[in-house]
Amino acid sequence: MAGTDPIHQFVIEDMIPIHLGGDGTAGSGLNFSFTNSSLFMVLTVAAITTFVLLASSKRSLVPSRLQLSGELLYEFVANMLRSSAGKEGMKFFPFVFSLFTFVLFANLFGLVPYFFTVTSHIIVTVALAVLVMTVVIGYGFFRHGPKFLKLFVPAGVPGYVLPIVVPIEIISFLSRPVSLSVRLFGNILAGHITLKVFAGFVVSLGALGWLGWLGAILPLIMTVAITALEFLVAAVQAYVFAVLTSMYLNDAVHPSH
Amino acid sequence: MVTQAYAQEAVTPAEEHVTVDGTTGAVDATHADPTADTHATTEAHDGGHSDVFPPFDPATFPSQLLWLAISFAALYLLMSKLALPRVGSILEERKARIDADIAAADASRQKTDAAIAAYEAALAAAKAKAQGIAAETGDAIKTELATKRKAVEADLASKVTSAEARIAATKAAAMSHVDEIAAETAQTVVTQLVGDVSADSVRAAVAKASKE
Amino acid sequence: MEAEAAKFIGAGIATLGMAGAALGVSNIFSNFLSGALRNPSAAPSQTGNLIFGMAMTEALGIFSFLVALILLFVA
């Protein structure tokens with residue numbers, strides 16, 4: 001039954017148990033075990049590092065295909081950040097590049113059968129979004145001091161509207177990490193569940209004999225189409241995550257908009 | 001569909017146990033951990049949370065947060081200290097190289113332009129010089145010709161005048177002889193007609209006749 | 001009514017919110033297409049905005065999906 005269960009793919013299993021605290025009884029304390037999720041986080045980092053280092057190992061003037069793809073990735077993120085946050089925002093380039101590649105590679109890894117999808121767990125996306133907002137707020141106050149609060153007071157708005165506009169701005173600012181994390185999490189989760197449900201149709205129809213086999217063609221085609229769509233979603237969500245990060249960083253760099 | 005599957009999972013927790021236990025056991029064996037304790041923990045964990053949707057299971061949060069922090073920090077450090085400077089330096093190197101090449105090409109083009117300009121200037125100068133030389137030579141030839149012609153003309157003119165003088169002298173001489181011839185002729189004619197006549201009277205008659 | 005049944009009904013109603021997201025996303029793409037056909041040369045520079053707007057709109061549909069999930073598994 002676990003084969004066709006669309007939720008089973010999200011189960012986290014301990015691989016190297018590490019438990020801290022608690023009174024020794026089961027379920028107490030904090031579970032810091034090395035899990036399948038951790039394994040794929042490490043694999044993601046390893047894959048990104050290998051890719052970028054391999055791509056830049058030759059240092060040839062006329063790039064090979066691998067080097068060109070690495071350079072395209074670099075230029076893509078650099079242009080995205082430069083167009084959103086300006087030249088001053090380029091000091092966050094390694095941060096945005098790490099975020100983009102991490103999300104992208106984690107999403108793409110998740111599409112390989114039997115691989116765990118790191119970004120399908122809300123705590124991971126929330127942690128990334130909170131990290132982004134921490135960097136934005138931290139750098140904003142570090143760079144501009146109290147002037148950073150001008151972010152909530154749009155320029156050119158007449159004074160009597162401010163009591164309405166400022167709370168709206170604050171709420172929209174506070175909802176950013178929520179929407180940022182839930183968007184990524186929801187897209188990936190929904191995509192994987194849909195994929196698994198349709199793949200499950202194939203299995204359960206196939207068990208019904210030859211008529212079932214015939215009927216299973218439709219969900220099979222659907223599965224293939226959804227897989228292609230999920231590749232698009234994986235890339236688009238990584239892009240959106242990085243673009244929004246760049247825009248939020250722009251607020252930290254230039255708070256008065 | 002989600003609900004149905006979820007229900008299926010809830011109905012068959014035993015199968016879940018087997019899988020999880022098998023994996024954990026294998027890993028444990030390689031790492032020589034106290035197997036009994038882990039089994040108990042895993043079982044309890046699994047049994048306690050099997051009805052929780054895995055992405056919302058708070059029991060997995062500490063582990064995920066810790067490993068996310070470790071892996072993302074490692075990624076950030078690797079990217080910012082090692083990988084991105086390398087890629088950036090490659091791109092900058094290429095940009096510098098291309099800019100230098102373009103500058104070199106510009107410089108050579110300017111050189112070429114200068115060379116072409118110099119060549120054209122030299123050509124123009126040479127042309128002007130050639131024209132100058134041609135004009136000078138023409139002038140010299142003209143003046144020479146003119147002097148020569150003048151000399152020849154003067155020579156010719158002197159020859160003509162001397163010839164004219166000679167002709168005039170000859171004419172005058174001839175004219176002086178005419179009287180004598182006429183006198184002789186007249187004496188002969190008169191002698192034949194009249195007889196002897198003195199030469200002096202004939203001469204006087206001729207002179208008288210030629211004066212009329 | 002049982003609480004369990006109410007959860008399922010609520011989850012089902014929550015998914016209706018995705019209809020709005022569907023309308024929004026289709027609106028974005030149809031407007032982009034009509035704009036792109038009017039001025040094809042400007043279209044490639046706006047694909048970033050297209051994808052961005054699509055993701056922003058789609059997120060709202062994802063929220064209703066999330067509400068359904070929470071009703072099913074958490075609440």
Side-chain angles (χ1 to χ4, degrees), chain A residues 1-2 4-8 10-20 25-27 30-35 37-38 41-42 44-45 48-49 52-53 55-57 59-61 63 67 70-71 74-75 93-95 97-98 101-102 118 120-124 127-128 131 185 189 193 197 200, chain B residues 1-2 5-6 8-9 11-12 15-16 19-20 23-24 27-28 31 33 37-38 40-49 53-72 74-84 86-91 93-94 97:
Chain A
M1 268 318 201
T4 56
D5 172 13
I7 305 300
H8 179 70
F10 304 116
V11 172
I12 288 186
E13 291 157 2
D14 295 357
M15 296 174 80
I16 304 168
I18 304 165
H19 294 274
L20 292 180
T25 57
L30 294 175
N31 181 1
F32 286 116
S33 309
F34 189 83
T35 61
S37 169
S38 323
M41 288 176 195
V42 173
T44 303
V45 172
I48 297 166
T49 311
V52 180
L53 288 186
S56 60
S57 63
R59 308 184 60 88
S60 54
L61 196 68
Q67 190 183 332
E71 283 169 11
Y74 181 100
E75 289 278 311
F93 176 60
F95 177 62
F97 187 86
S98 307
T101 49
F102 187 82
V118 174
S120 69
H121 277 250
I122 193 164
I123 187 69
V124 172
L128 290 177
L131 177 65
F185 158 74
L189 183 82
I193 288 178
V197 165
Chain B
M1 208 51 215
V2 170
Y6 153 75
Q8 284 167 354
E9 192 188 8
V11 170
T12 56
E15 200 179 306
E16 288 291 323
T19 358
V20 174
T23 330
T24 324
V27 174
D28 280 351
H31 286 267
D33 273 348
D37 178 44
T38 321
T41 321
T42 321
E43 247 167 64
H45 163 114
D46 209 85
H49 296 285
F53 187 51
F56 294 146
D57 185 0
T60 65
F61 286 1
S63 151
Q64 293 201 58
L65 284 177
L66 174 74
W67 289 102
L68 177 68
I70 291 173
S71 51
F72 193 77
L75 177 68
Y76 180 76
L77 286 178
L78 280 169
M79 288 298 121
S80 62
K81 300 277 178 242
L82 187 63
L84 294 182
R86 268 169 73 165
V87 180
S89 73
I90 291 175
L91 289 174
E93 221 168 75
R94 179 175 310 143
R97 175 75 185 271

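Below, chain A is the first sequence line, B the second, and so on; all start at residue 1. The shown structure was predicted, so the numbers you read here are calculated from the model rather than taken from an experiment.
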Relative to chain A, which segment of [X] carries a heavy atom at a distance below 4.5 Å: side chain, backbone, both, or neither?
X: B:Arg94; result: both
X: B:Leu78; result: side chain
X: B:Ile90; result: both
X: B:Leu84; result: both

Provide the closest heavy-atom pair for [X] versus [Y] in the form atom of the first, atom of the second, distance.
X: B:Leu75; Y: A:Ser98; answer: CD2-O, 3.5 Å
X: A:Phe185; Y: B:Pro55; answer: CE1-CB, 3.8 Å
X: A:Glu75; Y: B:Leu91; answer: OE2-CD1, 3.1 Å

When rounded to the nearest 0.5 angstrom, what is the spacing between [atom1] in [X] and [atom2] in [Y]?
X: B:Leu68; Y: A:Thr44; atom1: CG; atom2: OG1; answer: 10.0 Å
X: B:Met79; Y: A:Thr49; atom1: CE; atom2: OG1; answer: 4.0 Å
X: A:Met15; Y: B:Ser63; atom1: CE; atom2: OG; answer: 11.5 Å
X: B:Phe53; Y: A:Ile122; atom1: CZ; atom2: CD1; answer: 10.0 Å
X: A:Ser38; Y: B:Leu66; atom1: OG; atom2: CG; answer: 7.5 Å

Segment of A:Tyr74 engaging chain B (4.5 angstrom heavy-atom cut-off) =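 A:Tyr74 touches chain B through side-chain heavy atoms alone.
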
Could you look at A:Ser120 and say if it's the side chain, the backbone, both or neither that has a heavy atom under 4.5 Å from chain B?
->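 Backbone only.
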
Donor-acceptor pair, B:Thr60 side chain versus A:Ile12 backbone, under 3.5 Å?
->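 Judged by distance alone, no pair lies under 3.5 Å.
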
Expected output: side-chain B:Trp67 to main-chain A:Val42 donor-acceptor under 3.5 Å =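 A pair under 3.5 Å: no.
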
Heavy-atom pairs under 4.5 Å with chain B, option from A:Leu53, A:Leu189, A:Leu128 with the top count =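 Heavy-atom pair counts peak at A:Leu53.
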
Among A:Phe93, A:Phe95, A:Phe34, residue most engaged with chain B (heavy-atom pairs, under 4.5 Å) |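 Heavy-atom pair counts peak at A:Phe34.
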
So do the side chains of [X] and [Y] get within less than 4.5 Å of each other, counting heavy atoms only?
X: B:Pro62; Y: A:Asn31; result: no
X: A:Gln67; Y: B:Val87; result: no
X: A:Val45; Y: B:Phe72; result: no
X: B:Arg86; Y: A:Ser57; result: yes

